[in-house]
Amino acid sequence: MNEKDWLIIHTVWQYQNITRAAEQLFTSQPALSYRLKQIERKLGIALFAESGRSLSFSAQGRYLAQHAQKMLHESQQLRETLRSLNQPRQGELRLGVTSNYAAYRLPEILARFSEQHSGIRVNLVSGLSEEMHQKLQRDEIHAALVKDDYHWRDGKRLVDIDDYWLVSLHPIDLRLLPQLPQIRINHGGHITHQIERWWNANYQLAPRVAMQVDKLEVCLAMVERGLGYAIVSSYQPLSDRLWSMPLQVAGEALKSRTWLLWRHASREASVILPFVEMFADLS
């Protein structure tokens, strides 16, 4: 099936009449009927149902006609995107980024992006991964940098991998960890689940959470003053003053993965794809 075949099916469906469809396609009725027969033989289906002298699509024909409209739309969008990629990149890129990645990794990337694509304005919002994923689903943003791939079926790229560390001002007897004060970062659902896997593999008691904060720098400041221990990812080098230990589950290091998610078929591809190209694919 090529684009001409999709156009033929769509036009016949639109006019529900072979003669009028042939006129619209600038061809003859016999030529159009012959081409429709070829499509039927190629796919092994009947486009039309027997209904006297009137034209009536079969169930297979109706489904194919609906699919033809989608294929023609995608072809048109592809041509527009290819044309736009050959033009100076201009427009607005809306990004949703998990908070710690926005604070510690994104500024350098955005600085290089702005230098290379000065015509693209960046509109940034940060927060929990779940919130950014929801914004992407609702088309409020063009791309998201988040801590899970959420089984995203469109464009996605693994862009960063970090380790998890247990950190404290002084060395810890791990057997006593459930009795010691924990300074907990609000990581969001996916990361919290990862940390709970490690905890549940080692302890039966729940942790004693003394403080809950939303920023990595706040958490580390509390730890450096001896107010408790924390579990953090390696977004930035840890202070030499801190004792630290990498976390493992079943002999494997516990990892924090950052994913870039976006939509391939977006009309804003000319501003999305240059941003995607800033990242190496680690998968």
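All values below were derived from every heavy atom in this structure, side-chain atoms included, with hydrogens, water molecules and symmetry-related copies excluded.
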| request: Would you check, one step at a time, whether the test side chain to side chain contact (heavy atoms under 4.5 Å, CB included) holds for Phe275 with Ile120? | output: CA-CA 10 Å; Phe275 184 73; Ile120 299 178; over 6 Å; no
| Stepwise side chain to side chain contact (heavy atoms under 4.5 Å, CB included) test for Leu166 and Tyr229 | CA-CA 7 Å; Leu166 177 69; Tyr229 72 92; 3.3 Å; yes
| message | Would Ser256 and Tyr164 count as a side chain to side chain contact (heavy atoms under 4.5 Å, CB included) here? Give the steps. | response | CA-CA 7 Å; Ser256 169; Tyr164 282 113; 3.7 Å; yes
| task | Step by step, work out the side chain to side chain contact (heavy atoms under 4.5 Å, CB included) result for Arg225 and Leu169. | result | CA-CA 7 Å; Arg225 284 158 180 79; Leu169 183 58; over 6 Å; no
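In this structure, Ser28 contributes its side chain and Ala31 its backbone to a donor-acceptor pair below 3.5 Å. No donor-acceptor distance shorter than 3.5 angstrom exists from the side chain of Ser118 to the backbone of Ser114, with no hydrogens or angles considered. Looking at Tyr150, its side chain never comes within 3.5 Å of a backbone N or O of Leu261 through a donor-acceptor pair. No donor-acceptor distance shorter than 3.5 angstrom exists from the side chain of Arg94 to the backbone of His142, with no hydrogens or angles considered.
When the shell of 6.0 Å around OH of Tyr63 is examined, it contains 12 or fewer heavy atoms from other residues, nucleotides or ligands. Residue Gln69 qualifies as open at atom CD: its count of foreign heavy atoms under 6.0 Å is 12 or below. Counting heavy-atom neighbours within 6.0 Å of Glu115 CD, excluding the residue itself, gives a total of 12 or less. In the displayed structure, Arg153 atom CZ is contacted under 6.0 Å by at most 12 heavy atoms of other residues, nucleotides or ligands. Counting non-hydrogen atoms of other residues, nucleotides and ligands closer than 6.0 Å to CZ of Arg138 gives a total above 12.
Summarising the geometry, atom CD belonging to Gln194 is positioned 10.0 Å from atom NZ belonging to Lys147; distances are rounded to the nearest 0.5 Å. Here Asp163 contributes atom CG and Ser244 contributes atom OG; the two are 10.5 Å apart, rounded to the nearest 0.5 Å. Within the model, atoms CZ of Arg257 and CD1 of Ile191 stand 10.0 Å from one another, a figure rounded to the nearest 0.5 Å. Atom CG of residue Leu205 and atom CH2 of residue Trp199 lie 8.5 Å apart, to the nearest 0.5 angstrom. Taken from CH2 in Trp259 to CZ in Phe279, the straight-line distance is 13.5 Å, to the nearest 0.5 Å. Going from atom NE2 of His133 over to atom CG of Leu128 covers 14.0 Å, rounded to the nearest 0.5 Å.
Taking 4.5 Å as the limit, every side-chain heavy atom of Leu145 sits out of range of all side-chain heavy atoms of Leu95. Inter-residue side-chain proximity for Leu136 and Trp152 is flagged as met; some heavy-atom pair is nearer than 4.5 Å. Contact of the Leu7 side chain with the Leu25 side chain is registered, since non-hydrogen atoms from C-beta on lie closer than 4.5 Å. Looking only at side-chain heavy atoms (C-beta outward), Ser233 and Trp165 stay at 4.5 Å or farther from each other. Using a 4.5 Å heavy-atom threshold, the side chains of Arg184 and Pro207 count as touching. Between Leu227 and Val223 the shortest side-chain heavy-atom distance does not fall below 4.5 Å. For the pair Leu177/Ile172, a side-chain contact is recorded, criterion being any heavy-atom separation below 4.5 Å from C-beta on. Two residues are said to be in side-chain contact when any heavy atoms from C-beta on lie closer than 4.5 Å; Leu55 and Val12 meet this criterion.
Hydrophobic clustering, with ILVMFWY side chains joined whenever heavy atoms are under 4.5 angstrom apart, groups Leu260 together with Val122. Both Ile109 and Leu93 belong to a common hydrophobic cluster when Ile, Leu, Val, Met, Phe, Trp and Tyr are linked at side-chain heavy-atom distances under 4.5 angstrom. Linking Ile, Leu, Val, Met, Phe, Trp and Tyr whenever their side-chain heavy atoms come within less than 4.5 Å leaves Met211 and Ile195 in two separate clusters. Cluster membership check: Tyr104 shares its hydrophobic cluster with Val218, using side-chain heavy-atom separations under 4.5 Å among Ile, Leu, Val, Met, Phe, Trp and Tyr. Two different hydrophobic clusters hold Leu254 and Leu158 under the rule that ILVMFWY side chains link at heavy-atom gaps under 4.5 Å.
The minimum heavy-atom distance between Ala143 and Trp262, with the atom names listed, is CB-CB, 4.1 Å. In plain terms, the two heavy atoms of Val213 and Ile183 that are nearest each other are CG2-CG2, 4.4 Å. Across Met1 and Ile9, no two heavy atoms sit closer than the pair CE-CD1, 3.6 Å. Shown here for Val232 and Cys219, the closest heavy-atom pair between the two residues is CG1-SG, 4.1 Å. Among all heavy-atom pairs drawn from Met132 and Val97, the shortest one is SD-N, 3.5 Å. Looking at every heavy atom in both residues, Glu224 comes nearest to Ser239 through OE2-CB, 3.5 Å.
Taking the six-membered ring for Trp and thresholds of 30 and 60 degrees, Tyr101 and Tyr235 have ring planes more than 60 degrees apart, a perpendicular arrangement. Under the 30°/60° scheme for interplanar angles, the aromatic rings of Tyr203 and Trp198 are found to stand perpendicular.
Here the rule is side-chain contact (heavy atoms from CB on, under 4.5 Å) with Phe113, and of Met278, Glu277, Glu108 only Met278 fits it. Between Arg105 and the choices Asp162, Thr98, Val159, Leu110, the side-chain contact (heavy atoms from CB on, under 4.5 Å) rule is met once, by Asp162.
Neither side chain, Thr11 nor Gln24, offers a donor N or O lying under 3.5 Å from an acceptor on the other. With 3.5 Å as the limit, one finds a donor-acceptor pair spanning the side chains of Arg35 and Gln38.
A salt bridge links Arg263 with Asp139: the distance from a Lys NZ or Arg NE/NH1/NH2 to an Asp or Glu carboxylate oxygen falls below 4.0 Å. Checked for salt-bridge contact, Glu217 and Lys215 miss the test: no charged N lies under 4.0 Å from a carboxylate O.
In summary, the aromatic rings of Phe57 and Trp13 are positioned with their centroids under 6.0 Å apart.
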